[in-house]
Amino acid sequence: IHQRILKKNVSQFPQKYEAGLRNIAMDSNSLAMPMSDPNAWATAMNNLGMAPMSMTGQPIMSDFDPSLGMMTGIAPMNPMMPGLGIVPPPVSQDMPIVKEIIHCKSCTLFPPNPNLPPPATRERPPGCKTVFVGGLPENATEQLIVEVFEQCGSIIAIRKSKKNFCHIRFAEEHTVDKALFLSGYRIRLGSSTDKKDTGRLHVDFAQARDDLYEWECRQRMLAREERHRRRIEEDRLRPPSPPPIVHFSEHECSQLGEKLKDDSKFAEAVRVLLTWVERGEVNRRNANNIYSMIQSSNSHIRRLMNEKAAHEKEMEEAKEKFKNALAGILVQFEQIVSVFHAASKQKAWDHFSKAQRKNLDMWRKQAEEIRNIHNEELMGIRREEEMEMSDDDMEDAPEIKDSDDSGPLAQVEALKEENDSLRCQLDAYRNEVELLKQEQGKAQPQRSEEDATRQQQLSFLQQALQGMQKQLLKLREDLKQRETELEKNSEEKQQLESQIQSLKDRIQAFPTSHALPVSYRRLSVWGIISTFLHVHPFGASIEYICSYLQRLDTKISTTEVETLLGRLPCTFKQELTGVGASLEKRWKFCGFEGIKTA
């Protein structure tokens, strides 16, 4: 068959075919590749509809017509370069991959029909390095399998079966994809046409325990590396731990007492004291020391209150300074605006050009806007101060009354608390004296210096006890006096309550109702409204009044204004003006009419 096709092609293209044969001979000599029958190779490529080309990619026949072959409509493709493996160079996804003839030493591989669908494969197992190869010739040997598949990559092991299939394990995973490229190829041993020397290869993924074990080991190693990397990152981002706090001892206690007295080290010392108390290191022996440290930390409250008052004073001074500076800026703004107003008068205005007048007018408007903004800011600050002062006055009135009633009681409670604290101090000193006596009894006679110091401490403690006892006696006398004063005050309080009740009964007897306390803010609003309505003798609507008041105070509302006007019916009255659709409610000032009627 090959000879007949060859004669037919030679009769059609004698000159071109001879040139192609010469090229085949040159290529085979230059590449030194085994090519037993180049004519048969060119004939087979012609039958597949591909241009006969050498192994270097040069065309054997320059003017080849693909329609002469057995399979038409296939674009010619260059074969693979020798020494670069079986897989062709990457092509775009839009172009179909055309497989080519592969020549080996003892066999030849013919590509499958490109119009057929690609061979089916199973799902790729994780870490797959082993492939299943079926459809081998019956006379295929292990040496032949190595010769065909060693071009894909290094082979670790081959397990061949008697039923024309085998399993090949590669050294690397990416070589499996190269081996799958050979799936569907027809293999022929030498130039034999015997059935036992031919077959159709089927290459597929194979699941092997060794591959799975290696993949799992690699995954565990990657997971360990990721955990180690994450731990290092967490350690890097973790804030440093605070320094450890020492346990209680006599030496540490004396040092901590000195630190508590120092304002710069007070925060650190209090943290150590808190840790000792929370750990439960307070016992009968060191309770007095702990109590004295707590007492010294309590003495810092007055210092903190003084610091707070100093900061508040600085804040008030800064506010006052800002207000004075703002007032000075406003004075300068007024002067600038007055300059613009003087320049806009006819005496000076006629001498300016049109562009100068335009600039002067624009500058005057800008200066007036800025002045109004700063003026509103200053007025807002003053209104806030006035409101705070009025609120303080309203709150101070009941507090003064309560303080007059509760003054003796508060003093008595303070004396009781001071008495209790002095008793606790006495108990602490007594416990220290007892501990010192016990330690003195257990001490050896050789420690004379320590005994002297302890005796001095005992004498100091006894003097302190005597002073505390005197203070207790004085406090008791003061307490008795306070109790007698409290009894007298309670009697006076009862008399005052009876007088207040009688006054209330008299007030209820009057026909007029008792007026509620009026704040400074309400009085100012009433005064502004009365002045505004006095200027408008025909009255004004509630919306007009509110729009005028909101320029002075943005927080005021129409309901509040209406309630304030309704509280003084003798000063303000509401009338209906207009006819039909133009009917409108207006408020009028009638204060002088009320005076005349009265």
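Residue numbers run from 1 in the order of the sequence given.
Side-chain contact between E316 and K313 is absent, with no heavy atoms from C-beta onward closer than 4.5 Å. The closest side-chain heavy-atom distance from H534 to F592 is below 4.5 Å. Side-chain contact between D478 and Q481: present, with at least one pair of heavy atoms (C-beta onward) separated by less than 4.5 Å. Between S530 and F572 the shortest side-chain heavy-atom distance falls below 4.5 Å. Side-chain contact between T563 and R567 is absent, with no heavy atoms from C-beta onward closer than 4.5 Å. Looking at E543 and C546, their side chains never come closer than 4.5 Å, going by heavy atoms from C-beta outward. Side-chain contact between K323 and L378 is present, with heavy atoms from C-beta onward closer than 4.5 Å. Contact of the Q295 side chain with the N298 side chain is not registered, since no non-hydrogen atoms from C-beta on lie closer than 4.5 Å.
Under a cut-off of 6.0 angstrom, the local environment of NE2 in H536 is crowded, with over 12 non-hydrogen atoms contributed by other residues, nucleotides or ligands. R551 CZ: 12 or fewer foreign heavy atoms inside a 6.0 Å radius. Within 6.0 Å of CE on M221 lie more than 12 heavy atoms contributed by other residues, nucleotides or ligands. When the shell of 6.0 Å around CZ of R284 is examined, it contains 12 or fewer heavy atoms from other residues, nucleotides or ligands.
The pair E562-K585 fails the salt-bridge criterion, with no side-chain N (NZ, NE, NH1 or NH2) lying under 4.0 Å from an Asp/Glu carboxylate O. D361 and K358 are not joined by a salt bridge, as no carboxylate oxygen comes within less than 4.0 angstrom of a charged side-chain nitrogen. Ion pairing between K321 and E317 fails under the 4.0 Å rule for side-chain N and carboxylate O. Between R218 and E214 there is no salt bridge, since no side-chain nitrogen of the basic residue lies less than 4.0 Å from a carboxylate oxygen of the acidic one. Using a 4.0 Å cut-off between charged side-chain N and carboxylate O, R229 and E226 make a salt bridge. A salt bridge between D262 and K259 is absent, with no side-chain N of the basic residue lying under 4.0 Å from a carboxylate O of the acidic one. With respect to the salt-bridge test (charged N to carboxylate O, under 4.0 angstrom), the residues E384 and K319 do not qualify. Salt bridge present: R482 and E485 bring a charged side-chain N and a carboxylate O closer than 4.0 Å.
Here L330 contributes atom CG and N372 contributes atom CG; the two are 9.5 Å apart, rounded to the nearest 0.5 Å. Rounded to the nearest 0.5 angstrom, I336 CD1 and H341 NE2 are separated by 12.0 Å. In this structure, the separation between CG on L465 and CD on Q462 is 7.5 Å, given to the nearest 0.5 Å. Expressed to the nearest 0.5 Å, how far CG of L472 lies from CD of E477 amounts to 11.5 Å. For the atom pair NZ (K365) and CE (M362), the distance works out to 10.0 Å, reported to the nearest 0.5 Å. Here CG of L260 is found 9.0 Å from OG of S292. Values are rounded to the nearest 0.5 Å.
Counting only N and O atoms by type, the side chains of H251 and Q255 include a donor and acceptor under 3.5 Å apart.
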Quiz: residues 271-279 side-chain donor-acceptor pairs under 3.5 angstrom, not counting sequence neighbours:
residue: T275; atom: OG1; partner: R271; partner atom: O; Å: 2.8
residue: W276; atom: NE1; partner: V246; partner atom: O; Å: 2.8
residue: R279; atom: NH1; partner: I245; partner atom: O; Å: 3.4
residue: R279; atom: NH1; partner: V246; partner atom: O; Å: 3.3
residue: R279; atom: NH1; partner: H247; partner atom: ND1; Å: 3.4
residue: R279; atom: NH1; partner: E281; partner atom: OE2; Å: 3.4
residue: R279; atom: NH2; partner: I245; partner atom: O; Å: 2.9

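Checked by atom type and distance alone, the side chain of R357 pairs as donor or acceptor with a backbone atom of F352 at under 3.5 Å. With hydrogens and angles disregarded, a donor-acceptor distance shorter than 3.5 Å links the side chain of W526 to the backbone of L564. Remark: side-chain polar atoms of N283 are paired, donor with acceptor, to backbone N or O of N286 under 3.5 angstrom. R383 contributes a side-chain N or O that, together with a main-chain N or O of L552, makes up a donor-acceptor pair within less than 3.5 Å. No donor-acceptor distance shorter than 3.5 angstrom exists from the side chain of N359 to the backbone of Q356, with no hydrogens or angles considered.
When all heavy atoms of C253 and M293 are compared, the pair lying nearest together is SG-CE, 3.8 Å. Nearest heavy-atom pair across F340 and A367 is CE1-CB, 4.1 Å. The nearest pair of heavy atoms linking I556 to Q550 is O-NE2, 3.4 Å. Across every non-hydrogen atom of R586 and S541, the tightest pair is CG-N, 4.3 Å. When all heavy atoms of K588 and G539 are compared, the closest pair comes out as CG-CA, 3.7 Å. Closest non-hydrogen pair, F266 versus H300, comes out as CE1-CD2, 3.2 Å.
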- [ ] Show the numbers, then the answer: is there a side chain to side chain contact (heavy atoms under 4.5 Å, CB included) between I290 and F248?
- [x] CA-CA 10 Å; I290 298 291; F248 179 84; 4.0 Å; yes
TODO: Check the pair R231 / E234 against salt bridge (charged side-chain N to carboxylate O under 4.0 Å, His left out), numbers first and verdict last.
DONE: CA-CA 5 Å; R231 193 179 300 113; E234 289 176 357; over 6 Å; no
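Aromatic ring orientation, Y548 versus F532: parallel (interplanar angle below 30°, classes split at 30° and 60°).
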